[in-house]
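Structure, as structure tokens:
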Amino acid sequence: MSAAPARLVVLVSGAGTNLQALLDACADPAYGAQVVAVGADRDDIEGLARAERAGVPTFVVRVKDYTSREHWDGALTDKVSAFEPDLVVLAGFMKLVGASYLPALGRITVNTHPALSPSFPGMHGPRDALEYGVKVTGCTLFVVDDGVDTGAIVAQTTVPVEDDDTVESLHERIKVGERAMLVETVGRMAREGWTVDGRRVRLGG
Ligand code: GAR
């Protein structure tokens, strides 16, 4: 008998193309994972619409509905925890998780960032890489911690920077690699498990 699929909760803030790649992968039972909920920090985004079209439950936890960032973080933790995830994927989720979230769910939460960590952390990875003039950039999947894009690295993919790139063209090229990295790595985490030893992450038993 095959094991039950791993339960994924995916958090988004925007277009949700990385989420879509995971939804598409999960349609194959052999992938070994199922998106059980999609959460967001804002309404009316394509990421939520993608989840609804796939018949996946959604929830929204907006900072402005709480008296403090700490209360928001606690509410987010409760919402995500209620779905009993095996793995939480921050896929373009533009908020830092905090003091309630990290002890409860940090160990099982990965975030995807559109740069090669430790270079260019923060909200503008593609822009900062282009401005710096690097010839190679990419994307990083990491286990969240209390820093900004500083957690232990699970996977990375490189992408060339072309002479005529704009921030938009570079980010689109990164996102192609990012979706493939996410699908491949999340699938392996779901099927094979993972261990974290300091900064070293290993997939499989
Ligand atoms: C992705 O490139 C992701 O790495 C980035 O937002 C994009 C979301 O795309 N996240 C960050 O920059 C977080 N610091 P999507 O909504 O189409 O999946």
Side-chain angles (χ1 to χ4, degrees), residues 8-26 33 35 37-54 56 58-63 69 73 76 80 87-98 101-102 106 109-132 134 136-161 165-187 189:
L8 307 184
V9 172
V10 183
L11 301 184
V12 296
S13 297
T17 65
N18 282 286
L19 164 66
Q20 188 68 57
L22 287 173
L23 289 167
D24 294 347
C26 288
V35 180
V38 172
D41 62 329
R42 61 199 74 184
D43 304 297
D44 297 329
I45 54 172
E46 182 60 17
L48 288 171
R50 290 177 191 275
E52 282 156 18
R53 286 197 293 272
V56 172
T58 62
F59 60 88
V60 176
V61 188
R62 300 184 306 180
V63 171
R69 188 66 182 239
D73 187 68
L76 178 71
V80 174
L87 184 61
V88 184
V89 182
L90 310 187
F93 187 61
M94 296 299 186
K95 290 281 185 302
L96 293 176
V97 293
Y101 189 97
L102 288 168
T109 299
V110 291
N111 189 5
T112 177
H113 177 61
L116 284 178
S117 298
S119 297
F120 313 120
M123 302 283 281
H124 303 288
R127 182 197 73 187
D128 295 347
L130 194 62
E131 285 182 357
Y132 196 90
V134 295
V136 175
T137 185
C139 50
T140 301
L141 187 70
F142 62 94
V143 182
V144 295
D145 66 6
D146 59 359
V148 178
D149 302 323
T150 52
I153 293 169
V154 187
Q156 292 186 299
T157 292
T158 58
V159 167
V161 180
D165 263 332
T166 61
V167 174
E168 292 71 28
S169 67
L170 178 58
H171 196 178
E172 281 310 311
R173 190 176 312 113
I174 291 169
K175 283 173 70 167
V176 173
E178 193 173 24
R179 291 188 285 266
M181 174 189 74
L182 196 63
V183 166
E184 160 77 15
T185 311
V186 166
M189 293 176 88

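As the structure lists them, so they are numbered: ligands from 1, and atoms in each ligand from 1.
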Neighbour count above 12 (heavy atom, 6.0 Å) for Asp43 CG
yes
Approximate separation, where rounding is to 0.5 Å, of Arg179 CZ and Ile174 CD1
11.5 Å
Looking only at protein heavy atoms, which one is nearest to atom 6 (O) of ligand 1, and what is the separation?
Met94 CE, 3.5 Å
Before signing off on this row, confirm whether Glu178 and ligand 1 have an N or O atom pair separated by under 3.5 Å.
yes
Among all protein non-hydrogen atoms, which one is nearest to atom 14 (N) of ligand 1, and what is the separation to 0.1 Å?
Gly122 O, 3.6 Å
Looking at Asn18 and Ala91, would you say the former's side chain and the latter's main chain have a donor-acceptor pair under 3.5 Å?
no
Please check: side-chain N/O of Ser169 versus main-chain N/O of Asp165, any donor-acceptor pairing under 3.5 Å?
no
Which of the atoms of ligand 1 are close to Asn18, meaning less than 4.0 Å from one of its heavy atoms?
1 (C), 9 (O), 15 (P), 18 (O)
Can you tell me which residue and heavy atom of the protein come closest to atom 7 (C) of ligand 1, and the distance to 0.1 Å?
His171 NE2, 3.9 Å
So which heavy atom in the protein is nearest atom 9 (O) of ligand 1, and how far is it from that ligand atom?
Lys175 NZ, 3.2 Å
For ligand 1, which atoms have a heavy atom of Thr112 less than 4.0 angstrom away?
3 (C), 4 (O), 10 (N)
Donor-acceptor list for residues 110-128 side chains, cut-off 3.5 Å, not counting sequence neighbours:
{"from": "Thr112", "atom 1": "OG1", "to": "Glu178", "atom 2": "OE2", "distance (Å)": "2.6"}
{"from": "His113", "atom 1": "ND1", "to": "Asp149", "atom 2": "OD2", "distance (Å)": "3.3"}
{"from": "His113", "atom 1": "NE2", "to": "Phe120", "atom 2": "O", "distance (Å)": "2.8"}

Looking at Ala15, which atoms of ligand 1 are within less than 4.0 Å of one of its heavy atoms?
16 (O), 17 (O)
Just go through Ala115, Cys139, Gly14, Pro114 and tell me whose heavy atom is the nearest to atom 12 (O) of ligand 1.
Pro114
Leu19 N/O under 3.5 Å from ligand 1 N/O
no
Any sub-3.5 Å donor-acceptor pair from Arg42's side-chain atoms to Gly14's backbone N or O?
no
Using a strict 4.0 Å cut-off to heavy atoms of Gly92, name the atoms of ligand 1 that fall inside it.
6 (O), 8 (C), 10 (N)
Protein contact of atom 16 (O) of ligand 1 - nearest heavy atom, named by residue and atom, plus distance
Gly16 N, 2.7 Å
How far does CE of Met94 sit from CG of Asp41, to the nearest 0.5 angstrom?
9.5 Å
Less than 4.0 angstrom from a charged side-chain N to a carboxylate O is my criterion; do Lys175 and Glu168 meet it?
no
